[in-house]
Amino acid sequence: MASASQRVEDHSQEERFRRIWEVVEGIPEGCVLNYGEVARLAGLPGRARLVGRALARAPKKRALPWHRVVNAQGRISFAADSVRGQRQRRLLEDEGVEFDGEVIDLERFSPERAIDRLLWGP
DNA sequence: AAGATGACTAACT
DNA sequence: AAGTTAGCCATCT
């Protein structure tokens, strides 16, 4: 049979992805978080790249709001003229996220500010 | 199986 | 302002 140690490693790896997916699922509509932040919230500080990997490998079934994750500069990490980049921007704009050129104000659209926006408006 | 890659980022030039 | 470097590490070649 497959070695136990191999199984354990696979499991903890799954575990990391699961935690990342959970964090992403928790991003409210109209908000964005950057990769590093998602990693931190998932208990994986310094592993922003892992978040990108986890999103790429997320099961379709899960229907994650993957578009709410952008990079630390507030920019979409796909080329602006790419199909994926345009789709992500469209999804964000459809739920009220505003761009200044190519850039989103991360402070303004952070989940923490979501309640403020509800109470006081944008 | 070693080396490149990348949905990243902070810290330096 | 813009490019480079170092750290990251599972996946892909």
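Side chains are part of it too, since the values below use all heavy atoms of this structure and drop only hydrogens, waters and symmetry mates. Lettering of chains follows the sequences in order, A, B, ..., and the numbering in each one begins at 1.
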Where the side chain of Gln13(A) is defined as all heavy atoms beyond and including C-beta, which of dT11(C), dA10(B), dA7(B) is the nearest nucleotide? dT11(C)
With respect to the phosphate group of dT9(B), does any side-chain polar atom (N or O) of Asn34(A) fall under 4.0 Å of OP1 or OP2? yes
Under the side-chain contact (heavy atoms from CB on, under 4.5 Å) criterion, do Arg18(A) and Glu15(A) qualify, and how do the steps go? CA-CA 5 Å; Arg18(A) 264 220 344 260; Glu15(A) 192 70 28; 3.2 Å; yes
When you measure from every atom of DNA chain B, which of residues 91-102 of chain A have a heavy atom less than 4.0 Å away? none
Whole angstroms only, please: what is the CG-P distance between Leu50(A) and dT9(B)? 13 Å
Can you confirm whether Glu93(A) sits close enough to Val97(A) that some side-chain heavy atom of one is under 4.5 Å from a side-chain heavy atom of the other? no
Determine the interatomic distance between P on dT5(C) and the same-named atom on dA4(B); round to the nearest Å. 16 Å
If you define the side chain from C-beta out and look only at heavy atoms, does anything of Val51(A) sit under 4.5 Å from Leu44(A)? no
Between P on dC9(C) and OH on Tyr35(A), what's the gap in Å once rounded to a whole number? 18 Å
Flag the pair Trp66(A) / Leu91(A) as yes when at least one side-chain heavy-atom distance between them is below 4.5 Å, and no otherwise. yes
In whole angstrom, give the distance that lies between atom CZ of Arg16(A) and atom C1' of dC8(C). 11 Å
With rounding to whole Å, what would you report as the distance between dT5(B) and dT4(C) at their P atoms? 16 Å
With heavy-atom distances below 4.5 Å as the criterion, would you say the side chains of Asn71(A) and Asn34(A) are in contact? no
Spacing of Ile20(A) atom CD1 relative to dC8(B) atom P, expressed in whole Å: 13 Å
Cation over ring face, Arg89(A) and Phe99(A), 6.0 Å, 45°: yes
Check: Glu25(A) and Arg62(A) side chains under 4.5 Å, non-hydrogen atoms: yes
Interatomic distance, Gln73(A) CD vs dA7(B) C1' [rounded to whole Å]: 13 Å
Nearest-angstrom distance from the residue atom CZ of Arg53(A) to P of dC8(B): 10 Å
Look at all strands and tell whether Ala56(A) reaches a base, only sugar-phosphate, or nothing, counting heavy atoms closer than 4.0 Å. base
Just the rounded figure in Å: distance from P of dA10(C) to CZ of Arg49(A). 13 Å
Side-chain contact check for Ala48(A): nearest option of dG6(B), dT11(C), dT9(B) is dT9(B)
In whole angstrom, give the distance that lies between atom CZ of Arg57(A) and atom P of dT11(C). 5 Å
